[in-house]
Amino acid sequence: MIINPQLWVWIAIATALLAGIASALYQALRRVGRSALIERASKRGPGAVKAAEAILEDADGHAVSVALPRTVLNLACLVFVILWVDSLTPSDGPGWLERTIAVAAGAVV
């Protein structure tokens, strides 16, 4: 089954967007202020305050747990860009030129 080249582009865009969201979450967890988070959580109730305190106890661990999916999504985006570039050229598989173009396009994304 041959997949439409446009589908590879849309999948690559979707993975890039998801990676962007994961990256924003990672940065937010790394830079979170204890007082600001507790203040926001207190508006939601005591359960939210307990959850915020649990997150703050291991903020680096939570940030790393978000960084792993971000890395996987970035790599998946690169694979989908390679498949898209390969689908644009008539060949048996991606050659060095297609891979170079795809890596350059993936770096921009």
Side-chain angles (χ1 to χ4, degrees):
M1 179 172 127
I2 297 175
I3 295 180
N4 187 348
Q6 291 178 349
L7 183 61
W8 292 125
V9 172
W10 287 111
I11 293 172
I13 290 171
T15 56
L17 289 174
L18 290 172
I21 292 169
S23 180
L25 287 172
Y26 173 77
Q27 291 300 325
L29 283 169
R30 298 290 286 181
R31 297 180 181 180
V32 67
R34 183 174 205 76
S35 60
L37 184 61
I38 296 296
E39 180 182 329
R40 288 182 182 173
S42 66
K43 293 177 183 177
R44 293 182 168 227
V49 173
K50 282 186 178 182
E53 288 173 350
I55 290 171
L56 289 172
E57 285 178 15
D58 189 24
D60 286 337
H62 283 83
V64 169
S65 70
V66 172
L68 178 64
R70 178 190 67 158
T71 304
V72 171
L73 287 167
N74 284 335
L75 291 172
C77 181
L78 180 62
V79 168
F80 293 131
V81 170
I82 290 172
L83 292 171
W84 171 64
V85 170
D86 180 51
S87 68
L88 296 177
T89 58
S91 66
D92 293 335
W96 68 270
L97 180 61
E98 288 86 3
R99 289 182 182 142
T100 303
I101 293 170
V103 167
V108 170
V109 173

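Computed from a predicted model, the values in this text were never measured in an experiment. FYI, the numbering just counts along the sequence from 1.
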Going hydrophobic residue to hydrophobic residue with side-chain gaps under 4.5 angstrom, can you get from [X] over to [Y]?
X     : Y     : answer
Phe80 : Leu75 : no
Leu73 : Val79 : no
Ile11 : Leu18 : no

- Message: With rounding to the nearest 0.5 angstrom, report the CH2 to CD1 distance, Trp84 to Ile13.
- Response: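 One finds 9.0 Å between CH2 of Trp84 and CD1 of Ile13.
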- Message: Return the CZ to OH distance between Arg31 and Tyr26, rounded to the nearest 0.5 Å.
- Response: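 Reported value, rounded in 0.5 Å steps: 10.0 Å.
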- Just by distance, do the side chain of Ser23 and the backbone of Ala19 share a donor-acceptor pair under 3.5 Å?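 Answer holds: no.
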- Message: Could you go through Ile21 and Leu17, starting from their C-alpha distance and side-chain angles, then the distance that decides it, and tell me whether this counts as side-chain contact (heavy atoms from CB on, under 4.5 Å)?
- Response: CA-CA 6 Å; Ile21 292 169; Leu17 289 174; 5.5 Å; no
- Task: Return each pair, listed once, that meets salt bridge (Lys or Arg N to Asp or Glu O under 4.0 Å) where at least one residue sits in residues 43-56; pairs must be two or more places apart or across chains.
- Result: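 For residues 43-56: none.
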- Query: How would you list, by chain and number, every residue that makes a salt bridge (charged side-chain N to carboxylate O under 4.0 Å, His left out) with Arg30, sequence neighbours excluded?
  - Reply: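 Applying salt bridge (charged side-chain N to carboxylate O under 4.0 Å, His left out) to Arg30 gives Asp60.
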- Item | pair Leu56-Ile38: side-chain heavy atoms closer than 4.5 Å |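 Heavy-atom side-chain distance check passes, below 4.5 Å.
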- Query: Under a 4.5 Å cut-off applied to non-hydrogen side-chain atoms, are Val64 and Leu68 in contact?
  - Reply: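 No, their side chains stay 4.5 Å or more apart.
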- Task: Locate the shortest heavy-atom distance separating Val81 from Ala12; write the atom from each residue and the value.
- Result: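 Closest heavy-atom pair between Val81 and Ala12: CG2-CB, 4.0 Å.
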